[in-house]
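Just so it is clear: chains get the letters A, B, ... in the order the sequence lines come, proteins before strands, and each one is counted from 1. When reading the values below, keep in mind they use all heavy atoms of this one structure, side chains included, and skip hydrogens, waters and symmetry mates.
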Amino acid sequence: MNRRTIGLIAAGALGLAGGGAALADGKTVFETNCVACHGSGVAGAPKMGDAAAWAPRIKAGQAALYESALKGKKGMPAKGGNPAISDADVKAAVDYMVAQSGGKGGGDKAAEKAPEKAAGKPAPKEAAVPAKPAAPEKAAETPKPAPAPAPAPTQVAAAKPAAAPISPAAEVNAFNRLLKPAGKRNLPPTQDGIHDPANDGTQLLQPPMEAFKILPRSPGGNGVNWVQALESNKIAPRYDKADPNAAPVVMDLNIVREVKGSMPDVVYPHKQHTEWLDCSNCHPAIFVPQKGANQISMAAILLGQKCGVCHGKVAFPVSECRLCHSKKKDTITTGAAK
Amino acid sequence: MKPCRGAVAGAIVLLAVLQFLASPPARAEYGDVLINKRSEKEGMRPVVFPHWFHRIRFRCKVCHNELGFKMRAGGNDVLMVDIIEGKFCGMCHNGQIAWSPENCDLCHSGKPGLQTKIFGSHQTGGPGRW
């Protein structure tokens, strides 16, 4: 790994983490209000990250850009069409776009603003979600420990010069193109892409991370190990709609399904399932209750059949191979037994 | 309702939806169900049902057996009058077990234009990882 790569990753991490306080602020505003046009460049909007499209505009100066963003300019509606955003937030979004599109103005601005923000506001990114305090969850959201207010600004300043010139390329050749970085999982409802941020009720909904931070984590799905969460009494889901004391009817019966080839065999545990589900959720519609009577294949599971009715939708997804394929083959004969 | 702002917001939302369909993978929480069989036709935002939130409080069995929700996104024919009469979501959202149906915008909180579906599946947005 060369130094440039490290710089890039460090800058990326800062952008996501609380360290880039001022930038994160602008990013949120951008993602909720401006991305519709500036994300892909519709209606002649200069595309985010497109240095060539931004260069002439950036030359006009930061003040002129603020002016256009606040008052509107041709296809650009005032404040992106949402009069509810504060002037400061619009400016922060402009700074963010400029910084990501080859300009330095935003970066300097961000560095100036950082100390005041880091000291004064604990969670600037969540400013748009007043209903629920979310300060501690931010630390959990990113692997980086919560930055102490003092060193944060210097980190931003140090990372900036490296980040600004190479950021357009970084957008295209991001290290992970499809794998979601930690900061893009468990997003609050206002940013998750399916809730309408303009709806008042959206602000009142609980951000998933707030609930998940006290639960055992796992890499797939919600990022929560629901089996452990239940076993360790971190959650106490009711078994009856109204009666909190009703106890589930748990059946402890493992069914081993031998798998051809080198994959470990599948152990299907009734115990973990009957903690959550009723027999009639699976029998007989999904599985005939008889060992070996059901044809199950990975292809079917990936198509959402058999185990895939739940796994890949609500229960942990298919990426967690080892949770299902949990029985090591000890002898060669087990493979032949099928 | 401020009609003027509504129109602008509508246009933006439409663009946002185009954008959404065009490129970025859904960042919705795993297991969220978007229900839009009738809502938008009737002038409401689509409904977002969060599985993660409810499974912290109830076992699957409560909804999918006791209350009879079919395990299929869009598989239940839900009318608002039914909910107010205490069926479907209204079996709990009745002011006793959970807050009452008058909090329209807590349920009808989805982005207009989205289709009924569950947001689960592969984290990569690409094909399976094996």
Side-chain angles (χ1 to χ4, degrees), chain A residues 33 35-37 39-40 42-43 77 80-83 178-180 184-187 189 191-196 198-202 204-206 208 211-212 220-224 226 229 235 237-242 248 275-278 280-281 298 302 309-310 312-314 317-319 321, chain B residues 5 8-9 11-13 15-16 18-20 22-32 34 45-46 48 50-53 55-62 64-67 71 91-92 96-97 103-112 114 118-126 128-130:
Chain A
N33 298 289
V35 74
C37 300
S40 54
V42 291
N82 182 355
L178 294 176
L179 181 71
K180 289 186 205 173
K184 289 219 172 126
R185 290 183 210 139
N186 309 132
L187 291 174
Q191 293 169 41
D192 69 2
I194 64 165
H195 286 88
D196 187 347
N199 169 35
D200 295 338
T202 305
L204 300 173
L205 297 175
Q206 186 176 37
F212 295 170
N222 296 113
V224 170
W226 292 106
I235 57 172
R238 292 186 185 181
Y239 189 68
D240 181 275
K241 177 177 76 155
E275 284 279 2
W276 292 97
L277 293 149
D278 188 82
S280 66
N281 285 131
M298 281 317 290
L302 285 166
V309 169
C310 301
K313 287 168 175 165
V314 178
V318 174
S319 53
C321 315
Chain B
R5 197 183 133 191
V8 178
I12 289 166
V13 158
L15 286 164
L18 284 177
Q19 164 80 9
F20 179 85
S23 56
R27 295 166 298 166
E29 187 56 35
Y30 186 76
D32 278 5
L34 194 116
R45 289 185 176 86
V48 179
H51 261 107
W52 66 267
F53 184 90
R55 75 178 291 184
I56 288 176
R57 291 159 177 80
F58 301 95
R59 320 247 171 173
C60 326
K61 172 252 171 197
V62 173
H64 290 299
N65 180 47
E66 198 179 320
L67 304 186
M71 273 195 190
M91 284 183 279
C92 299
Q96 289 172 319
I97 295 174
N103 300 290
C104 315
D105 57 0
L106 290 181
C107 291
H108 291 274
S109 62
K111 267 196 187 152
L114 297 179
I118 181 158
F119 291 84
S121 212
H122 314 298
Q123 295 203 290
T124 57
R129 279 193 229 159
W130 51 289

Notebook entry, point to check: Pick from B:Gln96, B:Arg55, B:His108, B:Met91: which one has the most heavy-atom pairs with chain A under 4.5 Å?
Noted result: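 When all of B:Gln96, B:Arg55, B:His108, B:Met91 are compared, B:Arg55 has the most.
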
Check: Pick from B:Gly110, B:Gly31, B:Cys92: which one has the most heavy-atom pairs with chain A under 4.5 Å?
Finding: B:Gly110

Check: Within the distance-only criterion (no hydrogens, no angle test), does the side chain of A:Lys241 pair as donor or acceptor with the backbone N or O of B:Val62 below 3.5 angstrom?
Finding: no

Checklist line | B:Asp105 backbone acceptor or donor facing A:Asn199 side chain under 3.5 Å | finding: yes

Taking the side chain as every heavy atom from C-beta outward, state whether [X] and [Y] have any pair of such atoms under 4.5 Å apart.
| X | Y | result |
| --- | --- | --- |
| A:Thr202 | B:Leu106 | no |
| A:Ser280 | B:Lys61 | no |
| B:Glu66 | A:Asp240 | yes |
| A:Pro237 | B:Arg57 | no |
| A:Asp196 | B:Ser109 | no |
| B:Glu29 | A:Phe212 | yes |

Counting only heavy atoms closer than 4.5 Å, note whether [X] contacts chain A via side chain, backbone, both or neither.
| X | result |
| --- | --- |
| B:Ile56 | both |
| B:Phe58 | both |
| B:Leu34 | side chain |
| B:Arg45 | side chain |
| B:His51 | side chain |
| B:Asp32 | side chain |

Give the minimum heavy-atom separation between [X] and [Y], together with the two atoms involved.
| X | Y | value |
| --- | --- | --- |
| A:Gly193 | B:Leu114 | O-CD1, 4.1 Å |
| A:Val309 | B:Met71 | CG1-SD, 4.4 Å |
| B:Tyr30 | A:Asn222 | O-ND2, 2.9 Å |

Check: Checking salt bridge (Lys or Arg N to Asp or Glu O under 4.0 Å) for the pair B:Arg59/A:Glu275: CA distance, chi angles, key distance, verdict?
Finding: CA-CA 8 Å; B:Arg59 320 247 171 173; A:Glu275 284 279 2; 3.0 Å; yes

Note to self: Show, in sequence, the C-alpha distance, side-chain angles and deciding distance for B:Asn103 and A:Leu204, and conclude whether the side chain to side chain contact (heavy atoms under 4.5 Å, CB included) test is met.
What the structure shows: CA-CA 11 Å; B:Asn103 300 290; A:Leu204 300 173; over 6 Å; no

Notebook entry, point to check: For the candidates A:Ile235, A:Asn281, A:Asp200, A:Val224, which exhibits the highest count of non-hydrogen atom pairs separated by less than 4.5 Å from chain B?
Noted result: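 Winner by heavy-atom pair count: A:Asn281.
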
Checklist line | Segment of A:Pro248 engaging chain B (4.5 angstrom heavy-atom cut-off) | finding: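 It is the side chain, since no backbone atom gets that close.
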
